[in-house]
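Here's the structure, in structure tokens; my notes come after.
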Amino acid sequence: MSLNAEQKRAVAHRGSSLLVLAGAGTGKTRVITHRVAALIEDGVEPWRILAVTFTNKAAGEMRERVHDLGHEMGISTDGLWVGTFHATCARILRRYGEAVGLSRSFTIYDATDQRTLMNRVLKELDYSTSMFPTAQVLGYVDRAKNRGIGPASVSQLDLEEPLHTVVSRAYARYQERLRAADAADFGDLLNLTLEVLRNETASRGQLAREDEAGQLAHRFQHVVVDEYQDTNAVQAELVDRLATRAELCVVGDDDQAIYGWRGADVAQILGFSARHEDCEIIRLEQNYRSTGHVLSCADGIIAANHRRHGKTLWTDADDGPPIRVCRFDDQRDEAAAVVSEIVRHLDDGVDPEEMVVFFRTNAQSRPFEEALREVGVGYRVLGGMRFFDRQEIKDLVAYLRLLDTPTSDLDLERAINRPARGIGQKSVDALRRLAASESQSLHWALGELDRAELGAAARKRVAAFADLLARLRQDCEGLALPDVARVVLEASGYWEALGPNSDIEAASRRDNLDEFINALAEFTAAQPEATLSDYLDTIALASSEDDADARQVVTLMTIHAGKGLEFDHVYVTGMEEGVFPHVRSLDDPTAMDEERRLAYVAVTRSRRYLTFSYVGRRFMFGQEQVNRPSRFLRDLPSKGVVRFGERSRGSAAATRRATVGANPAVDVEPAWDADIELDEGASGSGEEGQALYIGMNMRHPKFGVGDVVSWSGVGDHLKLTVDFARYGRKTILARFCVPA
DNA sequence: ACATGTTCCCTTTTT
DNA sequence: GGGAACATGT
């Protein structure tokens, strides 16, 4: 497939900044990869090109595709910078970070580390975490960091008084602790890089011309940013500054902005052209991914949103099979139905990788996991607990980080009593007091044990731990990373303390540790020069998507995790008010718009087959809840959408009575998983473009008016079982009926 | 100091 | 239904 005219323009444009508004499935990634390859072909050195993606996975794919393209063209792409904002910043800070207070081997704190640290800070400040929950305070700190607001400027957040003081003091202390531990959290990666760039600008006047080449702001000649709609204010400034001397090309789709909760601001893409002189705007509207019916569903959903650039996707493709909306009684039914259809598709030779089950929140995955396990179908769950968040992995990583960054108190506190060696909270407190009295790290305190207020026994145990650390540092000098891990597990007694392998728990932990060491080995093999810091960066910045394995399996994931992917068969489950849209968005119009965009993203993942499902009752919070069908289902067009298991009137019980005992010639249950979805001719349903549902009124020329009870078959062969008012129950061909 | 029990949140979505 | 902070008993 070659590029269309618009895509070509986007690839070839030079001389000013460029905004590419690319709807879902319009070949955005193709444009970016081709553009990068074309730049290199034009003679731009790869190391002077920066491509920023949203996820690590997207970065990996882009690297690969550019490399392949380059290979075809006979050019080398070595040295090209491709990465997420955070990975790119980490890389920059490893090199330029000393100016902003980070050593070369600084540690990246992930969400879990952040929470632990903030928890500690709140305790130190004597704030009750029941009145000021850690997550809440951290949430404000995060919000501040997303907007580039430092601890001194927290007032910009407009918080009420008790909270304002708490947040600003906690934020300040939190930052102190981070710097003291030689650590940076996600927000810091962005903000500190920005600081590096600002410092450069400030000192530029004093530089000789020849020194400017070493300047970060002057390094890049071209900067390309993907998913620009999901950038926050800090990232936008970062991009602008990194592109001081570069041509900037940003690509995005305001309709797919789904990270507002993380500080992303659609204003960045909406206002991009105003902020950049001579900005060229190119729209990509031809969709190459989905069928007509899928696209009209997408359009129906997104059309209700305000504040859009506004664009209409179109396609040359056929309408495709009808889109299905299915109601089930509960989650088990929903999962069983979806899974049994997946099994049928597998039997028909459908590639498991082409089927995906989407849900709004991670908690919804379990029924699907259980159903899949029951039938023995391989699956992976994206977005659940990260591999690297498992306790045993965190423990090992704590040791590894400690070897790298001794001042990381968080890691020391974790490692000091793992495995349990009788060093409890009290002993740690004593160490902390000692460290605090000299504004030093806990690691320093280990060397001053006689000054700590410890009992003799405790002192001995702590001293033993200090010895262990020292010994580890010596023994691991010069060892390959996987061996370092092995030595740590052995010397610390961790491996042994897990207990016998007959304990399933212990065996699984050992498996995970082995897997981790394998990953370390692979990493070392792929990048022999890489340091422990490099690997730990990869871990800290990895999401659960990144530890997806390569098996051929069905995927279960949140819609957020599905962004940028496409599948032949898409199941969007849990389409209920309070689930999707999420309960916390119900009374917030801005949040609701984002939910809607999320629904749009879900729909546009499908190439051809798209099924929505919802349930009558659902277990949430360990309690049964009854939710109404999602409002998004109401926004679907009636043409090309078939509804199953729904009813227009009467109770659910009445529907059941009506469906049970139907004419044995047809399927008794609403045939939601009949072959309709695989039949190309089955667009629409009973009547042209009219949704079909149980209880629907139909008129037949001879029998008069009646209620639909069930149906089977497709297209011209679609048969309805109808309870006629005067003639009783009949099974007839749908094409002889019209909706009454 | 630790193991076990209890009660309390909470919960979107992720780099 | 589950994890984490807290409480109690050994």
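All values reported here derive from a predicted model rather than from experimental measurement. Here is how names work: the chains are called A, B, and so on, in the same order as the sequence lines, proteins then strands, and each is numbered from 1.
- For the pair A/Glu369 CD and C/dG1 P, the interatomic distance rounds to 12 Å; values are reported in whole Å.
- In terms of position on DNA chain B, the residue among A/His582 and A/Thr84 whose nearest nucleotide sits closer to the 5' end is A/His582.
- B/dT14 atom P lies 17 Å from atom CG of A/Leu138, rounded to whole Å.
- When the nucleotides B/dT15, C/dC6, B/dT13 are ranked by their closest atom to the side chain of A/Thr558, B/dT13 comes out on top.
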Next item on the list: For DNA chain B, produce a single dot-bracket line, 5' to 3'. Pairs: Watson-Crick or G-U wobble, both distances under 3.5 Å. Symbols: ( ) within strand, [ ] crossing, | other strand, . unpaired.
Entry: |||||||||......
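- Separation of the A/Tyr614 and A/Phe328 ring centroids does not fall under the 6.0 Å cut-off.
- Remark: ring of A/Trp261 stacked against base of B/dT13; centroid gap under 5.5 Å, plane tilt under 30°.
- Contact annotation: A/Arg366 side-chain N/O to C/dG2 OP1/OP2 distance is under 4.0 Å.
- In this structure, A/Tyr171 has its ring center at least 6.0 angstrom away from the ring center of A/Tyr140.
- Checking the phosphate oxygens (OP1, OP2) of C/dA5, a side-chain nitrogen or oxygen of A/Asn119 falls inside 4.0 Å.
- For B/dT15, the OP1/OP2 oxygens have no side-chain nitrogen or oxygen of A/Thr55 closer than 4.0 Å.
- Checking each of A/Asp185, A/Asn191, A/Asn232 against A/Lys145 for a side chain to side chain donor-acceptor pair (under 3.5 Å) leaves exactly one that passes, namely A/Asp185.
- For A/Lys57 and B/dT14, the shortest distance from a side-chain N or O to OP1 or OP2 is not below 4.0 Å.
- Salt bridge status for A/Asp110 with A/Lys394: present, with a side-chain N to carboxylate O gap under 4.0 Å.
- Across the interface with DNA chain B, nearest-nucleotide mapping of A/Ile423 and A/Glu594 shows A/Ile423 to be the residue nearer the 5′ end.
- Here A/Lys145 lies out of heavy-atom contact (under 4.0 Å) with every strand.
- For CZ of A/Arg628, the number of neighbouring non-hydrogen atoms (other residues, nucleotides, ligands) closer than 6.0 Å is 12 at most.
- In this structure, A/Leu565 places its CG atom 13 Å from P of B/dT14, rounding to the nearest Å.
- Proximity of a side-chain donor or acceptor of A/Arg605 to a complementary backbone N or O of A/Leu565 within less than 3.5 Å is detected.
- Side chain of A/Glu577 to main chain of A/Arg631: a donor-acceptor pair is present (N/O by atom type, distance under 3.5 Å, no hydrogens or angles).
- Atom CZ of A/Arg262 and atom C1' of B/dT14 are 5 Å apart (whole Å).
- Taking atom CZ of residue A/Arg418 and atom C1' of nucleotide B/dA1, one finds them 14 Å apart after rounding to whole Å.
- Following rounding to the nearest Å, A/Phe54 (CZ) and B/dT14 (P) show an atom-to-atom distance of 10 Å.
- If you measure from atom CZ of A/Arg461 to atom P of B/dA1, you get 7 Å, rounded to the nearest angstrom.
- In this structure, A/Tyr259 reaches the sugar-phosphate backbone alone: every heavy-atom distance under 4.0 Å involves primed, P, OP1 or OP2 atoms, never a base.
- Whole-Å rounding puts the A/Gln331 CD to C/dG1 P distance at 11 Å.
- In terms of phosphate contacts, A/Asn417 brings no side-chain nitrogen or oxygen within less than 4.0 Å of OP1 or OP2 of B/dA1.
- The distance between the ring centers of A/Tyr571 and A/Phe358 does not fall below 6.0 angstrom.
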